There are 2 protein chains.
Amino acid sequence: MHERTRAEWRATRQRAAVLRALHLHDTFVSAQSLHAALAADGVTVGLTTVYRTLRLLAASGHVDVVRDSAGERLYRPRPDDGHRHYAVCRECGLSLAVDSDEVERWVARIARDIGFHAVDHTVELTGLCERCRPPMSRPAAGPPARRRTPSAG
Amino acid sequence: MHERTRAEWRATRQRAAVLRALHLHDTFVSAQSLHAALAADGVTVGLTTVYRTLRLLAASGHVDVVRDSAGERLYRPRPDDGHRHYAVCRECGLSLAVDSDEVERWVARIARDIGFHAVDHTVELTGLCERCRPPMSRPAAGPPARRRTPSAG
DNA sequence: CAGCATAAGACAACGGTTTTCATTTGCGGT
DNA sequence: ACCGCAAATGAAAACCGTTGTCTTATGCTG
């Protein structure tokens, strides 16, 4: 079978839109938020298509995926440096890439110790960023950052 | 208000059953598996009650919760030593408690570095245990361990 | 430009979990 | 031991994110 190297990624208005919207965010976003943002921008893309596109992007390693506490998948374009671990503020959604060499090494060692193969790992840090201080005894240090689900402006 | 220290955990047949069933397993189990196992044992407990009980146990820190790749919650009683991290075999469900001091320290340091407060972390290792070697070039070294969803025998 | 495989979109289906609400039941007070 | 009530149970429906189905539309390649 002499398959010519045909384009494995067809360029469509919708995919471009999803990509663009995705890159407008500095935080992890859910498929639904993205769809809503698109719609709010007057761009009509089917929810199904958003899901499909994100799934493709995730499968091809172009975006990172985390799960929030409710089990919802949140997406974010993977930065050039290949970072794969983040600390996510559970108040405003701010996500910071985190130096993860140490965990990688730790995981590798554990895997060897217990005789596990093909070990995959999930490391998720959630907390409150500096702007979203804990509610207890808050000295009113400015308003907390906005919540996720941005207006995609 | 002079509240007598009243039992904040009412003893019921159902809760005892869920607890007992939970402790019969050496692996993480889903609420549904547990419910099925109970039923197979002739113990009738509503699925709702299983969910509720597990939620309570998780909230009070008596069980650990992980999420499988499908987003399903899996539960396991927390051992006395307070371990909270496991390596789970994605083939047979075998779970091994893992020395997690190093991650704890790592998490604490990261939290300090980036200025996050009240940081919570999820560390999940999934792989193939020794009995469930990778399918590629397997030397037929005995059958893989049974899958999860045990018969609660 | 034609043909066709791929993609989009609307909608239904799915699966796990939670809510609802009427009914039952532990448990503390008397 | 009995009462009463808040807490717990359970069946069914609601929920919600996600995926499947199937028809129509549309890039792409020849």
Side-chain angles (χ1 to χ4, degrees), chain A residues 1-22 28-39 42-60 62-63 65-76 93 148-149, chain B residues 1-22 28-39 42-60 62-63 65-76 93 148-149:
Chain A
M1 45 186 90
H2 41 98
E3 304 229 349
R4 206 138 314 197
T5 320
R6 71 178 51 194
E8 75 270 3
W9 185 271
R10 209 145 95 178
T12 67
R13 173 183 68 79
Q14 292 88 337
R15 284 179 176 174
V18 170
L19 247 341
R20 201 173 338 108
L22 196 53
F28 279 89
V29 276
S30 68
Q32 315 233 21
S33 304
L34 221 42
H35 178 250
L38 251 0
V43 185
T44 49
V45 178
L47 181 56
T48 307
T49 299
V50 175
Y51 273 111
R52 262 195 297 243
T53 304
L54 289 174
R55 196 150 33 120
L56 285 176
L57 287 170
S60 60
H62 287 98
V63 303
V65 187
V66 301
R67 245 177 236 281
D68 69 9
S69 52
E72 193 178 14
R73 291 205 226 311
L74 305 178
Y75 304 84
R76 163 184 186 142
R148 139 163 77 80
T149 307
Chain B
M1 45 184 87
H2 42 98
E3 301 230 349
R4 203 132 322 188
T5 320
R6 74 176 49 196
E8 76 269 3
W9 184 271
R10 211 145 96 177
T12 68
R13 173 182 68 78
Q14 293 88 336
R15 284 179 177 175
V18 170
L19 247 341
R20 202 173 338 108
L22 196 54
F28 279 90
V29 276
S30 68
Q32 314 233 21
S33 305
L34 221 42
H35 178 249
L38 250 1
V43 185
T44 48
V45 178
L47 182 55
T48 308
T49 299
V50 175
Y51 272 112
R52 263 195 295 242
T53 305
L54 289 174
R55 195 149 39 117
L56 285 175
L57 287 169
S60 60
H62 287 97
V63 302
V65 187
V66 300
R67 246 176 237 281
D68 69 11
S69 52
E72 192 179 14
R73 288 193 193 29
L74 306 177
Y75 303 84
R76 151 174 203 153
R148 131 164 84 81
T149 306

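Each chain gets a letter, A, B and so on, in the order the sequences are listed, and its residues count up from 1. Just so you know, these numbers come straight off a predicted model, no measurement behind them.
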Please name all residues satisfying side chain to side chain contact (heavy atoms under 4.5 Å, CB included) with A:Val43, sequence neighbours left out, ordered by chain then number.
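A:Val43: side chain to side chain contact (heavy atoms under 4.5 Å, CB included) contacts with A:Arg13, A:Ala17, A:Leu38, A:Asp41, A:Val45.
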Shortest non-hydrogen separation from [X] to [Y] and the atoms involved:
X	Y	result
A:Arg67	B:Ser69	NH2-O, 2.8 Å
A:Tyr75	A:Leu22	O-CD1, 4.2 Å
B:Val50	B:Ala31	CG1-O, 3.6 Å

For D:dA8, does OP1 or OP2 lie under 4.0 Å from any side-chain N or O of B:Arg13?
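No, B:Arg13 has no side-chain N/O under 4.0 Å of OP1/OP2 on D:dA8.
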One pair to check against side-chain contact (heavy atoms from CB on, under 4.5 Å): A:Trp9 and A:Leu56. What are the steps and the verdict?
CA-CA 10 Å; A:Trp9 185 271; A:Leu56 285 176; 3.7 Å; yes
Nearest whole Å is fine: how far is [N] [atom2] from [X] [atom1]?
X	N	atom1	atom2	result
B:Leu47	D:dA12	CG	P	12 Å
B:Glu72	C:dC14	CD	P	17 Å
B:His35	D:dA11	NE2	C1'	11 Å
A:Arg15	D:dC28	CZ	P	10 Å
B:Arg67	C:dG16	CZ	P	13 Å

Of all the nucleotides listed ([options]), which has the minimum atom distance to the side chain of [X]?
X	options	result
A:Gln14	C:dG9, D:dT9, D:dG17	C:dG9
A:Arg73	D:dT18, C:dG9, D:dA7	D:dT18
B:Thr12	C:dG9, D:dA8, C:dG16	D:dA8

Base, sugar-phosphate, or nothing for A:Ala70, non-hydrogen atoms under 4.0 angstrom?
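If one applies the 4.0 Å heavy-atom cut-off, A:Ala70 turns out to touch nothing in the nucleic acid.
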If the helix axis at each end comes from five base pairs, how far does the helix from C:dC1-D:dG30 to C:dT30-D:dA1 deviate from straight, to 10°?
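Comparing the first five pairs with the last five, the axes sit 30° apart.
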Interatomic distance, B:Thr49 atom OG1 to B:Arg15 atom CZ [nearest 0.5 angstrom]:
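That separation rounds to 8.5 Å.
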Atom NE2 of B:His35 and atom OG1 of B:Thr48: how far apart are they, to the nearest 0.5 Å?
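So the gap between those two atoms works out to 8.0 Å.
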Suppose the criterion is side-chain hydrogen bond (donor to acceptor under 3.5 Å, both in side chains): which pairs have a residue in residues 51-60 of chain B, not counting sequence neighbours?
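Residue pairs with at least one partner in residues 51-60 of chain B: B:Gln32-B:Tyr51, B:Ser60-B:His62.
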Would you kindly check whether a donor in the side chain of B:Arg10 faces an acceptor in the base of D:dA7, or vice versa, at under 3.5 angstrom?
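Pair found.
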The test is side-chain contact (heavy atoms from CB on, under 4.5 Å); show your working for A:Leu54 and A:Val65 and say whether it passes.
CA-CA 9 Å; A:Leu54 289 174; A:Val65 187; over 6 Å; no
Could you list by number each residue of residues 48-58 of chain A showing a heavy-atom separation from DNA chain C of less than 4.0 Å, or answer none if no residue does?
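Residues of residues 48-58 of chain A under 4.0 Å from DNA chain C: A:Thr48, A:Thr49, A:Arg52.
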